[in-house]
Amino acid sequence: MASLITVNKVSRRVGRRRSLRVEKLEIRRGEHWCFFGPNGSGKSLLANLLAKRHSDFAGSVTYLGGFEPSRDVHVVSFEEQQRLWARDNRLDMSEYADDVKDRGTTVLDLIKGSRPQKHEDSALLNKLIEQLLLGDYIRKGIRFLSSGQVRRALIARALYAFQPSMGQLLILDDPLESIDINARLRVRDTISEFLRDGFSSIQLCRRDSDILPVATHLAVMESLHVVQQGVIDEVKKSQSYVRLLSREPNLVGEIPGKESDKDIIEDQEPLIEMANISASYGGVTIFKGFDWSMRREDYVLIEGPNGCGKSTLLSLINGENHKAYGQNITLFGRRKGSGETIWELKEKFGVVSNELHNKYIKGWKVLEVVVSGFFDSVGLYDESGTTEKEMATEWLSILGIDSLASNYYHEVSFGEQRLILLARAMVKRPRILILDEPCVGLDDYYRQSILNVLDLIAEQTRTNLIYVSHVKDEKPRCINVHLSFECNNDGSFRIINHSI
């Protein structure tokens with residue numbers, strides 16, 4: 001089989017002290033590679049280099065004659081979702097009116113845009129829409145969809161690009177992340193079905209359990225180097241691969257600013273009270289009639305399918321959604337809309353979410369991003385003192401990423417950015433920590449570390465947790481309340497409150 005991409009003695013500087021180095025790598029047509037390694041090992045950097053998104057490197061990357069990366073490489077990643085979000089997130093009236101006309105890029109437009117109009121394939125298009133469960137929102141704008149819904153649309157776009165006469169390469173960065181439990185198996189099987197002989201692929205993977213069954217070859221990456229490569233069954237037996245799987249975090253016992261005893265609060269009002277709450281967009285009801293009270297001893301897990309309204313519910317709670325005004329919501333004993341400012345609300349919440357992740361762009365160093373949590377700003381615009389910087393550094397250390405403090409945020413991996421946002425959320429010791437899929441993009445090592453830290457937060461501080469997850473049994477041990485979204489006959493959702 002002809003070589004699609006050949007890499008020879010490539011190096012690219014990362015920051016001031018580190019460099020990506022690959023001596024030799026060859027990807028042939030019909031091969032399906034998995035680049036496997038922990039967060040920060042260089043997987044995304046190497047994939048972007050192969051996709052010709054970087055030109056500042058030494059060595060050579062050559063392509064099969066007629067192969068054009070700008071046309072023939074198709075990417076599914078969180079970075080691609082961020083790029084699309086930024087492109088479509090221009091000012092419009094969608095935040096303020098249900099009859100918005102400007103939908104931006106629709107799911108259908110996104111998928112069809114991956115191949116020339118003269119090569120349209122209606123049968124393939126319809127099959128992908130059906131198998132990836134896109135039919136209900138095929139004409140909706142992607143900026144109004146959940147992260148999991150956009151991810152399925154990106155997978156459909158990549159698979160629809162296939163043309164038998166042309167070499168094509170899919171780059172799939174943990175393609176099943178953010179996709180709800182019920183849809184994961186279906187999406188995985190669809191990817192495997194459509195990756196045909198002429199369609200090469202690279203999966204970027206951090207966890208052994210997430211490697212797609214279609215993978216034929218494996219490249220193990222560590223510290224910006226390819227340390228082992230070859231046929232997947234052989235590489236899985238190598239010391240390099242086994243060593244990565246056996247890594248275990250050094251779990252901490254105390255977190256910064258640990259309280260010797262939790263403060264005794266005389267006011268025993270619930271933290272959150274919601275009565276008959278509803279949410280709708282574009283005239284479509286998402287959920288309705290929700291009643292809930294969050295007590296001071298509650299640590300909450302929220303689960304439900306993509307697009308059911310989990311992120312909308314969180315935004316109603318923390319003040320990011322203007323549709324909370326006029327509804328019966330009481331936060332910390334005060335009726336929402338009774339004169340509080342948005343900054344007074346933000347002060348009480350720490351947030352880790354895809355929406356916040358999307359807002360940070362180039363220009364900020366890691367330590368500055370963490371310190372900005374004291375000021376509830378995206379970026380650092382106020383002068384910070386020694387105390388804020390010391391606390392920020394302590395949190396980076398607790399999460400095992402203090403070596404990144406002087407790096408630029410946009411230059412570290414997606415998973416490392418997620419950890420940085422957790423440090424940002426916790427520096428000010430919020431009353432409620434909202435975690436919308438905090439483990440997205442993290443390897444097993446950091447997932448274990450984060451879950452341990454969250455249990456310490458529950459044990460050693462007054463901070464309560466609201467935790468959203470799509471991964472079965474991935475939650476802190478402290479969770480004692482479960483909110484689940486279940487579908488009604490009319491397509492809206494009801495929210496069921498279970499005590500654990």
Side-chain angles (χ1 to χ4, degrees), residues 1-7 22 24-37 41-52 61-64 66-69 71-77 80 114-115 124 127-128 131-132 151-152 154-177 179 184-221 226-238 240-241 244-245 443:
M1 192 69 74
S3 294
L4 192 66
I5 303 177
T6 302
V7 178
V22 182
K24 186 76 174 178
L25 179 67
E26 189 174 5
I27 297 173
R28 296 178 176 88
R29 289 194 66 176
E31 290 181 346
H32 302 292
W33 281 76
C34 174
F35 291 178
F36 183 89
S41 59
K43 302 180 298 296
S44 297
L45 185 61
L46 177 56
N48 284 330
L49 192 148
L50 299 183
K52 218 171 182 177
V61 179
T62 57
Y63 302 92
L64 179 68
F67 182 86
E68 176 49 56
R71 179 194 64 205
D72 300 326
V73 175
H74 312 282
V75 179
V76 177
S77 69
E80 181 67 5
S114 67
R115 63 194 297 165
L124 174 59
K127 187 174 183 179
L128 287 169
Q131 291 191 202
L132 292 172
R151 203 155 187 78
R152 296 209 303 267
L154 283 176
I155 292 170
R157 179 181 74 164
L159 297 176
Y160 185 64
F162 175 71
Q163 297 182 59
S165 61
M166 302 172 63
Q168 305 275 293
L169 176 68
L170 265 67
I171 296 177
L172 306 166
D173 190 349
D174 270 343
L176 302 183
E177 285 276 37
I179 294 177
R184 280 190 172 213
L185 182 60
R186 184 163 185 158
V187 172
R188 189 197 69 182
D189 290 346
T190 299
I191 292 172
S192 298
E193 175 186 348
F194 283 88
L195 288 180
R196 313 168 200 186
D197 289 341
F199 218 162
S200 304
S201 68
I202 298 171
Q203 180 192 2
L204 312 185
C205 189
R206 302 157 183 85
R207 310 175 76 196
D208 177 76
S209 59
D210 290 337
I211 296 177
L212 295 173
V214 74
T216 59
H217 292 73
L218 184 64
V220 180
M221 298 194 67
V226 175
V227 297
Q228 195 81 32
Q229 60 173 292
V231 176
I232 187 167
D233 290 338
E234 295 176 3
V235 177
K236 277 195 168 187
K237 299 174 185 175
S238 69
S240 300
Y241 188 76
L244 285 181
L245 293 188
D443 57 34

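What you see is a predicted model, and the numbers here were worked out from it, not measured in a lab.
A donor-acceptor pair shorter than 3.5 Å cannot be found between the side chains of His32 and Gln203.
Here Arg206 pairs with Asp173, Asp174 under the salt bridge (Lys or Arg N to Asp or Glu O under 4.0 Å) rule; sequence neighbours left out. Remark: Ala51 engages Arg53, Val73, Ile171 in a side chain to side chain contact (heavy atoms under 4.5 Å, CB included) (not counting sequence neighbours). Every residue was checked against the salt bridge (Lys or Arg N to Asp or Glu O under 4.0 Å) condition with Arg186, not counting sequence neighbours, and none meets it. Leu124 is linked by a side chain to side chain contact (heavy atoms under 4.5 Å, CB included) to Arg115, Asp121, Leu128, Tyr160, Phe194, Arg196, counting only residues two or more places apart in sequence or in another chain. Legend: residues meeting side chain to side chain contact (heavy atoms under 4.5 Å, CB included) with Glu234, ordered by chain and number and at least two apart, are Val231. Residues satisfying the side chain to side chain contact (heavy atoms under 4.5 Å, CB included) criterion with Lys236, sequence neighbours excluded, are Asp208, Ile211, Leu218, Ile232, Tyr241.
Using a 4.5 Å cut-off on side-chain heavy atoms (C-beta onward), Trp33 and Gln229 make contact. Contact annotation: the side chain of Thr62 never approaches that of Ile5 to less than 4.5 Å [non-hydrogen atoms, C-beta and beyond]. Looking only at side-chain heavy atoms (C-beta outward), Leu154 and Val75 stay at 4.5 Å or farther from each other. Between Asp210 and Leu176 the shortest side-chain heavy-atom distance does not fall below 4.5 Å. The side-chain heavy atoms of Cys205 and Lys43, taken from C-beta on, include no pair separated by under 4.5 Å. Counting heavy atoms from C-beta outward, Leu49 and Val61 have side chains that approach closer than 4.5 Å. Side-chain contact between Asp443 and Leu244: absent, with no pair of heavy atoms (C-beta onward) separated by less than 4.5 Å.
The pair Arg28-Glu26 counts as a salt bridge, with a side-chain nitrogen and a carboxylate oxygen less than 4.0 angstrom apart.
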Stepwise, does the salt bridge (Lys or Arg N to Asp or Glu O under 4.0 Å) test hold for Glu80 with Arg157? CA-CA 12 Å; Glu80 181 67 5; Arg157 179 181 74 164; 2.9 Å; yes
Go through Ile27 and Ile202 one step at a time and tell me if the side chain to side chain contact (heavy atoms under 4.5 Å, CB included) criterion holds. CA-CA 9 Å; Ile27 297 173; Ile202 298 171; 3.5 Å; yes
Derivation of the side chain to side chain contact (heavy atoms under 4.5 Å, CB included) call for Leu172 and Ile191: CA-CA 10 Å; Leu172 306 166; Ile191 292 172; 4.0 Å; yes
The test is side chain to side chain contact (heavy atoms under 4.5 Å, CB included); show your working for Ile155 and Thr190 and say whether it passes. CA-CA 9 Å; Ile155 292 170; Thr190 299; 5.8 Å; no
Show your working on side chain to side chain contact (heavy atoms under 4.5 Å, CB included) between Arg188 and Leu212 and close with a plain yes or no. CA-CA 7 Å; Arg188 189 197 69 182; Leu212 295 173; 3.6 Å; yes
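Ala158 and Val76 make their closest contact through CB-CG2, 4.1 Å (heavy atoms, listed as atom of the first residue, atom of the second, distance). Contact detail for Leu46 and Val22: the closest heavy-atom pair is CD1-CG2, 4.0 Å. Taking all atoms of both residues into account, the shortest heavy-atom contact from Gly66 to Arg71 is O-NH2, 2.7 Å. Shown here for Leu64 and Ser3, the closest heavy-atom pair between the two residues is CB-O, 3.4 Å. When all heavy atoms of Pro175 and Arg151 are compared, the closest pair comes out as O-NE, 3.3 Å. The shortest heavy-atom contact between Gly30 and Ser200 is N-OG, 3.0 Å.
Here the options are Leu204, Val226, Leu45, the test is side-chain contact (heavy atoms from CB on, under 4.5 Å), and the partner is Met221; only Val226 passes.
In this structure, Tyr63 and Phe67 have parallel ring planes: the angle between them is below the 30° cut-off, well short of the 60° mark.
One N or O on the side chain of Arg152 and one on the backbone of Leu132 form a donor-acceptor pair closer than 3.5 Å.
Rounding to the nearest 0.5 Å places CD of Glu68 at 5.5 Å from NZ of Lys52.
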